[in-house]
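First comes the structure, then the notes that go with it.
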2 protein chains.
Amino acid sequence: MGATKTDEYTESQILVATLAKAIGHPARVAIIEYLMKVDSCICGDIVDVLPLAQPTVSRHLKELKNAGLIRGNVIGNSICYCIDKNAVDTLQTYFAGLIHTISIKDKTCC
Amino acid sequence: MGATKTDEYTESQILVATLAKAIGHPARVAIIEYLMKVDSCICGDIVDVLPLAQPTVSRHLKELKNAGLIRGNVIGNSICYCIDKNAVDTLQTYFAGLIHTISIKDKTCC
DNA sequence: TTTTAATATAGCAATATTACGATAAAGGTT
DNA sequence: AACCTTTATCGTAATATTGCTATATTAAAA
């Protein structure tokens with residue numbers, strides 16, 4: 001197989017999984033962090049920061065975009081990428097909710 | 001290929017990617033949520049909640065465990081699983097940091 | 001001790017992911 | 001127009017992931 005049974009889960013579960021999966025690669029974490037480091041958005045030079053060939057970086061960017069974590073605006077012959085705050089908010093809120101639930105539950109058994 | 005160039009990234013990037021990757025599947029999100037829903041830890045019956053065969057669930061649990069997101073304590077002939085709060089904290093803190101950085105940066109370009 | 005219950009592992013097949021080089025596409029520049 | 005720069009796509013190969021059935025393991029229960 002190798003194909004996930006997506007029909008069997010809730011929208012929310014699939015959304016969280018999709019966003020998390022997009023971040024689930026160090027190159028994409030590095031891309032996100034680079035987008036954070038520079039002011040506002042960044043056009044070009046993402047390739048120069050990563051230890052990967054240009055087509056590979058392009059593919060990682062595409063996956064981040066498909067998952068909704070970044071947006072890309074065409075500016076002339078280059079593309080301006082920036083993070084989609086909503087997507088990060090979704091993840092942050094989700095994990096904050098988990099932590100809150102953990103905190104109010106009895107956890108003495110482990 | 002298919003193998004990630006892990007040598008080229010920081011410890012932090014690999015940690016975040018590893019944790020995020022572990023959550024990057026709806027079945028594992030469902031497992032996490034089930035562990036949250038019940039009080040404290042849960043022994044057994046995770047298999048009954050998922051639309052997957054027992055060995056497949058076992059494999060997902062193993063991956064969550066390898067990533068450090070859950071712990072498993074052997075209790076008799078069953079295993080008591082619970083979430084590792086530290087791992088969730090790591091993710092929550094990370095995304096909160098991202099959001100903070102996004103908020104203080106100029107984002108007028110996109 | 002035999003059986004039952006719970007979980008893990010082995011082995012397999014299908015699909016997905018990662019990565020590269022080569023090439024295409026599309027917009028500037030000269 | 002000819003060229004350069006930037007990014008995307010194609011084609012390919014290697015590896016990883018997902019999921020199953022069958023089987024092993026381990027411990028409690030009968």
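Chain identifiers are assigned alphabetically (A, B, ...) following the order of the sequence lines, protein sequences preceding nucleic acid strands; residue numbering begins at 1 within each chain.
- Shown here are the ring pair (Phe, Tyr, Trp, His ring centres under 6.0 Å) partners of Phe95(A), two or more places apart in sequence or in another chain: Phe95(B).
- When each of Pro51(A) and Gly76(A) is assigned the nucleotide of DNA chain C bearing its nearest heavy atom, the one mapping closer to the 5' terminus is Pro51(A).
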Does the side-chain hydrogen bond (donor to acceptor under 3.5 Å, both in side chains) test come out yes or no for Glu33(B) and Tyr94(A), once each step is laid out?
CA-CA 11 Å; Glu33(B) 291 182 358; Tyr94(A) 185 80; 2.6 Å; yes
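- Between the P atom of dT6(D) and the CG atom of Asn77(A) lies a distance of 7 Å, rounded to the nearest Å.
- The side chain of Thr56(B) places an N or O atom within less than 4.0 Å of a non-bridging phosphate oxygen (OP1 or OP2) of dC20(D).
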Side-chain donor/acceptor pairs under 3.5 Å, residues 51-64 of chain A, sequence neighbours excluded:
unit_1   : atom_1 : unit_2   : atom_2 : d
His60(A) : ND1    : Arg28(A) : NH1    : 2.9
Glu63(A) : OE1    : Arg28(A) : NH1    : 3.2

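- The nearest whole Å value for the distance from the CD atom in Glu8(A) to the P atom in dT18(D) is 16 Å.
- Listed in residue order, the members of residues 58-70 of chain A having a heavy atom less than 4.0 Å from DNA chain C are Arg59(A), His60(A), Glu63(A).
- A donor-acceptor contact shorter than 3.5 Å is absent between the side chain of Thr93(B) and the backbone of Thr90(B).
- Contacts of residues 20-30 of chain B with DNA chain C (heavy atom under 4.0 Å): none.
- The base of dA6(C) is not paired with the side chain of Gln54(B) by any donor and acceptor separated by under 3.5 Å.
- Looking at residues two or more places apart in sequence or on another chain, you find a side chain to side chain donor-acceptor pair (under 3.5 Å) between Asp89(A) and Lys85(A).
- Distance check: Thr101(B) OG1 to Met36(A) CE gives 4.0 Å after rounding to the nearest 0.5 Å.
- Asp45(A) places its CG atom 13 Å from the C1' atom of dT5(D), with the value rounded to the nearest Å.
- For the atom pair SG of Cys82(B) and CD1 of Ile102(A), the computed distance is 9.5 Å after rounding to the nearest 0.5 Å.
- Tested against Arg71(B), the residues Asp84(B), Ile83(B), Ile79(B) include a single side-chain contact (heavy atoms from CB on, under 4.5 Å) partner, Asp84(B).
- The CD1 atom of Ile46(B) sits 11 Å away from the C1' atom of dT7(C) (whole-angstrom rounding).
- Relative to the side chain of Ser78(A), the nucleotides dT7(C), dT21(D), dT6(D) differ in distance, and dT6(D) lies closest.
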Acceptor/donor pairs from residues 17-24 of chain B side chains to any protein atom, 3.5 angstrom cut, sequence neighbours excluded:
unit_1   : atom_1 : unit_2   : atom_2 : d
Thr18(B) : OG1    : Ile14(B) : O      : 2.6

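- Taking every side-chain heavy atom of Leu52(A) into account, dC20(C) is the closest of dC20(C), dT18(D), dT9(C).
- Of the candidate nucleotides dT7(C), dT18(C), dT9(C), dT7(C) has the atom nearest to the side chain of Tyr81(B).
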